[in-house]
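Please read the structure below before turning to the comments.
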Amino acid sequence: MRKIKLILTVFTVSASLFSQSLNNKSVSSVTYIGNESFSNAKLIKFSELKPPSILLFSSTSFDRRLLKLDAIALKNFYQSEGFLETIVQDSFSVNGDEVDIFFIVNEGKRYYLNNVIINGLESLEEKFVLSTLGLIKNKPYNPVKINTNLFLVDEAFQEEGKLFARYDIQQEIRDSVLITLNIEEGQNIYIENSWVSETDLIDSIYVRKEFAFKKGDLFRKSLMDKTKRTLLQAGFFSSVSIITHPIKDQDSLINIEVKIREFQNRGVQDLDIGYEDIEYVPGVKSLVGVGGSIRWTDRMIFGTKNRFDATGSVVIPSEEGFIFPRFSFDTKFSNQRPFSLKLPTQIKIFYQQFKNFGDENGPYVRRFGLQYSNIFRWNKQRSFFDIGFRFELFDESDEFQDQIEQRKFKIHLHQDNRDNPMNPTKGNVLVFQLDAYGGPLGGNRSYTKYDLDFRQYASFLKNVTIAGRINAGTITGWSSDYDQYETILFEKFYLGGSNTLRAWKPLQFMTLKNNQGLEYPLGKTAKILMNWEIRFPLFWKLGGVLFYDGGFIADKLESIKKENIEWNRGLGLTFSLPFGPIRIDYAESLKDPSIKQFHFGFLYSF
């Protein structure tokens, strides 16, 4: 017995060491044998283990578990194309540090769908059920789609009040396939009673006000989803579950339990030190600096339903002319349902202290004020509509007699349809901002600022993303008298920096010299900006970016012509971190190669 145990131990250790040694080898080639119906290029899409190519920019480490999963994925693909009897065998050979992979495919016969018989269907259209399950006559039979999409049919029944629908799918396979789908829809289900469970700090009455259903309503899945979404958006609950309870001897009535889990009611402190993006121009993070911030958050301050956030930070910009520390402190109070109204509200009190651009010997500028916002969010909290007011004051010293007072009304729309906000590969973003200063609100200045930004992402090749942005803005009602405050406020449009035109220094696409010969950033009241990028992986966590930036600023939007647009080209190196990539970009002007710049930034430029 001891010899047997010793042999098993040696075998296990040897197998483990052999498996580990294989993990250090790279895939050299993938060969398909017996694939008559589909090309190698088609089949390789279903494999995680791929040979190196110029489009992947990296090699793939061999893994035996992935090899088995690739064989299963290949078989599932064949079955989805009507090859119900397909057999896939995998093997490999090792040549030094490289592995050659082989998939031997016995396709078998391809089956087509001859006819579909549906019994018992009343609440849904037959066309919807057939298309959802992929049941198309005289087309290859796809049992995989039936299994993966049956839940969509069930959700459609739930939307019609058929909570307990049952399905029986029978397939008769001969030369072709005959499908019989028997459906028992059951009765319409209505809501009887409902209650809230596991509440501690939040009164159940508050929770019930967010219910999208009431007693006597027909059960609909959309009402349940809306209830969960609304409760989670309130910010007090870490999870929400809706549980249905059948009622004894009642086939058409159910009770609903809304089970919630509250966030812990305690303040949370965060301390961050490192590089930070700086929003020097409103809405544009053009600078990078070194600093730190401390934040305290309480979801239910003083036991109320108000969320409290306080953040203090010190950042030192790295760019010439901005090098003095910037101090800021923000305090925010927010409530998703003030006075039981469905009107998400946020009140923010802020204070900033910084040096005027290039004024090393001058006093610090103090900026403080109050902001009121109603912010409506959707699409997983990534899209929002923000409407509100902002009142702020600026001063430079006790001797500075003319305080700058700004009051504005704002409307901001942010529609985010990207698949991933940190590393998008498809989708788009639309941003519209309207800021109306002065007018009926008063203040030192009266003008209106418009900004429209559209971004599109597409991935035509795996791991390679093409990204584009078009941004335009204009300011109406601007007076030349307002320019005296511009080196403090930076309310005009500026270009240059890691997120706009990367061949120029931050905000210094256009500059103006003062009497002492110092160059100041020069802003205009109209802007056009375009950015185009190709993003791809290199190896490990490193990636590359090839980009073109184009743009121009002028006094009027209509005066910007095609020939005015200044272009730069460049390349970047990215390093992936859990919170997103960091990057180093190099760019040079197409018109004047002597204009060139390196930039360091967080996340992608757009």
Side-chain angles (χ1 to χ4, degrees), residues 277-281 283-288 317-322 357 424 429 431 451-458 464-474 490 492-513 519-536 538 542-555 557 559-575 581-606:
D277 282 326
I278 302 172
E279 186 178 304
Y280 211 94
V281 176
V284 180
K285 294 182 178 180
S286 303
L287 301 177
V288 175
S318 57
E319 187 61 35
E320 182 182 356
F322 300 93
F357 178 84
V429 177
V431 180
D451 198 290
L452 182 63
D453 191 303
F454 180 76
R455 310 168 191 180
Q456 181 68 50
Y457 307 86
V464 179
T465 301
I466 298 176
R469 171 172 68 176
I470 299 178
N471 175 228
T474 185
F490 285 92
K492 285 185 173 182
F493 295 114
Y494 295 81
L495 293 178
S498 64
N499 296 325
T500 57
L501 295 183
R502 282 168 272 192
W504 283 265
K505 294 182 178 181
L507 313 183
Q508 298 183 51
F509 173 69
M510 289 187 179
T511 58
L512 178 67
K513 287 187 177 181
E519 287 190 343
Y520 284 84
L522 178 62
K524 297 288 185 177
T525 53
K527 170 188 66 172
I528 290 289
L529 173 66
M530 292 169 284
N531 304 94
W532 308 99
E533 292 189 350
I534 299 178
R535 304 166 181 172
F536 50 87
L538 292 173
L542 294 177
V545 180
L546 302 176
F547 59 84
Y548 272 83
D549 305 323
F552 198 74
I553 53 177
D555 292 326
L557 194 60
S559 67
I560 302 178
K561 307 300 181 184
K562 181 179 179 181
E563 55 270 19
N564 297 136
I565 303 297
E566 294 273 2
W567 290 93
N568 67 236
R569 63 187 174 190
L571 53 88
L573 185 67
T574 64
F575 184 81
I582 58 176
R583 57 189 167 89
I584 298 177
D585 294 333
Y586 169 78
E588 63 179 26
S589 169
L590 292 182
K591 181 184 293 185
D592 183 0
S594 65
I595 300 176
K596 51 191 175 183
Q597 198 71 29
F598 279 97
H599 290 285
F600 178 78
F602 300 101
L603 305 179
Y604 288 110
S605 59
F606 61 94

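Just so you know, residue 1 is the first one in the sequence shown, and it goes up from there.
When all heavy atoms of Gly496 and Phe509 are compared, the pair lying nearest together is N-CB, 4.3 Å. Shown here for Thr500 and Leu495, the closest heavy-atom pair between the two residues is OG1-C, 3.8 Å. Between Arg535 and Pro424 the shortest heavy-atom distance is NH1-CG, 4.1 Å. Looking at every heavy atom in both residues, Leu522 comes nearest to Leu512 through CB-N, 4.3 Å. Taking all atoms of both residues into account, the shortest heavy-atom contact from Gln456 to Phe454 is OE1-CZ, 3.6 Å. Here the shortest heavy-atom pairing between Phe606 and Tyr457 reads C-OH, 3.2 Å.
Looking at heavy atoms from C-beta onward, Met510 lies in side-chain contact with Phe552 at the 4.5 angstrom threshold. The side-chain heavy atoms of Val431 and Asn471, taken from C-beta on, include no pair separated by under 4.5 Å. The closest side-chain heavy-atom distance from Asp453 to Val429 is not below 4.5 Å. Side-chain contact between Asn568 and Gln597: absent, with no pair of heavy atoms (C-beta onward) separated by less than 4.5 Å. The closest side-chain heavy-atom distance from Ser605 to Phe547 is not below 4.5 Å. Contact of the Phe575 side chain with the Ile584 side chain is not registered, since no non-hydrogen atoms from C-beta on lie closer than 4.5 Å. Considering only heavy atoms from C-beta on, Thr511 stays 4.5 Å or farther from Pro521 through its side chain.
If you take CG on Leu590 and CD1 on Ile595, they are separated by 11.0 Å, rounding to the nearest 0.5 Å. Between the CD1 atom in Ile553 and the NZ atom in Lys492 there is a gap of 9.0 Å [rounded to 0.5 Å]. The line from CD of Gln508 to CG of Leu501 is 13.0 Å long, rounded to the nearest 0.5 Å. Once rounded to the nearest 0.5 Å, the distance linking NZ of Lys505 with CZ of Phe598 reads 14.0 Å. Taking CZ of Phe493 as the reference point, atom CG of Asp451 lies at 5.0 Å (rounded to 0.5 Å). Between atom CG of residue Asp585 and atom CG of residue Asn499 there is a gap of 9.0 Å, rounded to the nearest 0.5 Å.
Proximity of a side-chain donor or acceptor of Arg583 to a complementary backbone N or O of Ser498 within less than 3.5 Å is detected. No side-chain donor-acceptor contact under 3.5 Å links Asp549 to the backbone of Arg569. For Asn531 (side chain) and Arg469 (main-chain N/O), no donor-acceptor pair under 3.5 Å exists by modelled atom type. Looking at His599, its side chain does come within 3.5 Å of a backbone N or O of Trp504 through a donor-acceptor pair.
Checked against Glu533 for a side chain to side chain contact (heavy atoms under 4.5 Å, CB included), the options Val545, Thr465, Ile466 give a single hit: Val545.
Residues passing the salt bridge (Lys or Arg N to Asp or Glu O under 4.0 Å) test with Asp555 are Lys524, sequence neighbours excluded.
Using cut-offs of 30° and 60° for the angle between ring planes, the Phe602 and Phe600 rings count as perpendicular. Using the six-membered ring where Trp is involved, Tyr548 and Trp567 have ring planes that are perpendicular, over 60° apart on the 30 and 60° scheme.
Within the structure, the salt bridge (Lys or Arg N to Asp or Glu O under 4.0 Å) test picks out the following pairs touching residues 591-606 (sequence neighbours left out): Glu566-Lys591.
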